[in-house]
Each structure stands twice: as C-alpha cells, then as structure tokens.
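Written out below as structure tokens is the structure these notes cover.
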Amino acid sequence: MLSVRSLMAAAAVTAFMLPAPSFAGGTVEVLHWWTSGGEAKAVGTLKEAFEKKGGTWIDSPIAGGGGDAAMTALRARVMAGNPPAAVQLKGPGIQEWADQGSLNDVEDVAKAENWDSVLPPSLASIMKYKDKYVAAPVNIHRVDWMWVNPTVLAKVGAEVPTTWEEFNAVADKLKAAGITPLAHGGQPWQDATVFETIVLSQGADFYRKALIDLDQDALSGETMVKVFDQLRKLRGYVDPGFSGRDWNLATAMVMNGEAAFQIMGDWAKGEFLAAGKVPGKDFLCAPTPGNGYIFNADSFAFFKVSGQDRIEGQKVLASLIMSPEFQETFNLAKGSIPARTDVSLDKFDSCALKSHEDLTASVKNDAFVPSMAHEMAVPRTVRGEFLDVVTNFFNSDMSSADAAKALADAVKRAQ
Ligand code: BGC
C-alpha cells in the first residue's frame, strides 16, 4: 500500500503539473459544531490547510454549543447510510460508534507518524479502538475556568475570588451595585458545565466518585447537597434573560461589561481573541475554586466511507490534524492548548500557559479529570440524566437534598 507521504508527494507533483483535480488531497465532508466567531476562525484554519494540500472540503456545521444538535444530526446521517467522512466527536462516543462498526481506522497514518510517541497515553487510548487509531485529537480544552471583566470588578473594588465563599461575597457586592455578576446561558450543557466545576471544587476524588464511577453514596450524599447549594447561589447571580442564551452571547456580556464573570471552558477565550481582546488586560482568566483540571479534548473520528477519494481525504486530514504546525495555528485561535506534547507554547498567551502548568500539576496530583458535561467521562445516556436533573434544579425551586436524591435515582436508572 502507498504511504500517506508518498500519496501526498504524488498529489503535490500532480497539482504542480495540472490544474488540481479534486482528488489531489481527497475529499472530506466535515461535520462539526464550531459556528461561533472564535470557533469558526479556528475551524477555518483546518479548512484552509486541507485545501492547501489540494483537498476538497465540504463543510457541514451544525450550530449548537456543546454539540448536542450535531450528535442528533450525526445519528440521522448514519441511519440513512450516508455518514460524513470526519466528525467532531469525543470520549466514550468514539468507542460507542466504533463498537457499532461505524468507523474507519487511520492506523497506517498514525504508525507512519508515530502518534503514540507524541500524545499523552490517556488521550491516545481515547482515540483508539482495538489498538487502532479511529480518531485524531486537535486540542485540550480546560473546562474549569472563570472569565472575568477586570473593569467591572474594579467598580466594586473586588479581587478575583479563589473560593466559592469569596465568589459569593463579590457577587453580592456586584448585585448590590446593580451589575449582573454571572453571564450565563440557560441551556442544559451550560448548566452542567457550571455544575461540574462546583463538583471539582469538592476534590478530584469526589469528582471521580460522583461523575465517573457514578457512586450512589457520592451522588446522593452531603457533599452533593453542598454542590447544589452553591449552584442555587449562582442561580441568584444571573440576569433575567439567561434562559436559552447561547454561550458566546454570555461571553459577549463579559466582554462588553454587562456582567463580571462567565464560568465556561476556554473556547470562551477564542471569542475574546476573535474580538481583538487581550488577556490580562481586557479580560482575565482564573480557574474556578479548587485544585484540579477538568479536560475536554476535541477530536475528529473517521466514519466508514468508501471510494478512494474519500478515504484519501480522511488520511490527509488525519495527518494534517496531527501536524505540529496545525496544532499550533488551530489552538492559538481556539483557546485551547495542543494535544501533542511536543509543540512549543512560545506563541501562546498567559491563559494557555496557566492551563498547561495546571494540567501538569494536576496529572502529578492525580487531579486531572475528564469532563462529564462535554462527553469525556460517561456514555451519552448517563450524561443526559445528569443534564436533566441539573437543569430542572436550575429552573425550579427544587431543594438541594431533593436534587441529590433525584440525581442518584436517575443515574441508577440509566445504568
Ligand atoms: C467543545 C468545544 C466547543 C464548545 C462550545 C465543547 O463541547 O469541546 O470545542 O467550542 O463545546 O461549542
């Protein structure tokens, strides 16, 4: 079989001599949910690089932060027997689709380029099915971040909080001054994003017991009741228009000084950067209270397509995604850090450096945990139960004790 490099070299020669035929770098239809300003800019770098290799990119964006709408569209496409060639997919979802026989592997590319030697083993294992790569990671996003408008904080003479008690005190001050403390979009995945950062503040062991091991005592116990108490507090800090708001519009509220904080993964930084804002000056990033790191790695999985042109497209895309140049360019726009461990962070900003530093420390301290809300930790069915209970709680006056019990019961039913 021809290696990818020789295919690409052949394609380059052909491209030089003739008007580029559309199969020079293959064709890929790419299904993703990167439609906000920062996201579109980031995925644009992938499209551009792929087209530079002579490939034909068919864009299939499905709007909807967190990817729930994209996953529904994906199911419909697979059921219809017409899957897209590359799909933004992650965590256990990759294994689920592979188990159903829906994925092509790109093991020949991965072997030739020695992916095993440049990816953290925990991430590599998520990308593999039966020891073969069926997906390629583009980044590592950190979920447990607060995005802060320093000018708004200064209005009430407050510092960036480091505990929930401090956060509540600052938020009370802001509220008293007529300022919305927390920009939030009331959508289940955003509610769950905030929820899991509070779970992490109770320690990585508790996070693992509750959100990964699905331990009934952790889900229904006192600590979980405390978590819901803090979530109830946060509910009191959002503005009346929060319901259904897209996450990037909540980011814009912090950017424009309409709110002081947003709790969101570092794709929010992509929004600030796309708007020309400077970290440390126009906005601040600070981890949510606690010691740990919730990770969320985006990746593309390769679905079973046929035909030389499309299979070639998958291989060229896989190789491109894992190239150090692309990992740098893409992540500078996306707000995340490279998935490859050997990419220099020289061009990255202080938030990315902090992410990397805390990642390294959390791995050492055993406090590096996968995101439940962003589909890195548990199957979709179980995640769905978490989202339902957390959202019901956020939008009702359910007590924390009832919420913890409802969570334990729902998770038990889903298993
Ligand atoms: C994805 C990010 C994306 C965010 C908002 C997350 O689940 O991992 O890449 O920017 O959702 O759409």
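We count ligands from 1, going down the list as the structure has it; atoms in each ligand are counted the same way.
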Going by the angle between their ring planes, with limits at 30° and 60°, are F303 and W97 parallel, tilted or perpendicular?
perpendicular
Ring center gap for F242 and F394 short of 6.0 angstrom:
yes
Check for me whether the distance between the ring centres of F195 and F393 falls short of 6.0 Å.
no
Distances under 3.5 Å, N/O of ligand 1 against N/O of the protein: list each pair and its distance.
from: ligand 1; atom 1: 7 (O); to: K90; atom 2: NZ; distance (Å): 2.8
from: ligand 1; atom 1: 7 (O); to: H374; atom 2: ND1; distance (Å): 2.7
from: ligand 1; atom 1: 8 (O); to: K90; atom 2: NZ; distance (Å): 2.7
from: ligand 1; atom 1: 8 (O); to: N296; atom 2: ND2; distance (Å): 2.9
from: ligand 1; atom 1: 8 (O); to: D298; atom 2: OD1; distance (Å): 2.7
from: ligand 1; atom 1: 8 (O); to: D298; atom 2: OD2; distance (Å): 3.4
from: ligand 1; atom 1: 9 (O); to: W34; atom 2: NE1; distance (Å): 2.9
from: ligand 1; atom 1: 9 (O); to: D298; atom 2: OD1; distance (Å): 3.3
from: ligand 1; atom 1: 9 (O); to: D298; atom 2: OD2; distance (Å): 2.7
from: ligand 1; atom 1: 9 (O); to: K334; atom 2: NZ; distance (Å): 2.9
from: ligand 1; atom 1: 10 (O); to: E39; atom 2: OE2; distance (Å): 2.4
from: ligand 1; atom 1: 10 (O); to: K334; atom 2: NZ; distance (Å): 2.8
from: ligand 1; atom 1: 11 (O); to: W33; atom 2: NE1; distance (Å): 3.3
from: ligand 1; atom 1: 11 (O); to: G66; atom 2: N; distance (Å): 3.4
from: ligand 1; atom 1: 12 (O); to: W33; atom 2: NE1; distance (Å): 3.3
from: ligand 1; atom 1: 12 (O); to: E39; atom 2: OE2; distance (Å): 2.8
from: ligand 1; atom 1: 12 (O); to: G66; atom 2: N; distance (Å): 3.2

Check whether the ring centres of Y133 and W115 lie less than 6.0 Å apart, and answer yes or no.
yes
Sub-6.0 Å ring centroid separation between W247 and H184
no
Sequence-distant partners of K155, salt bridge (charged side-chain N to carboxylate O under 4.0 Å, His left out), two or more places apart
none
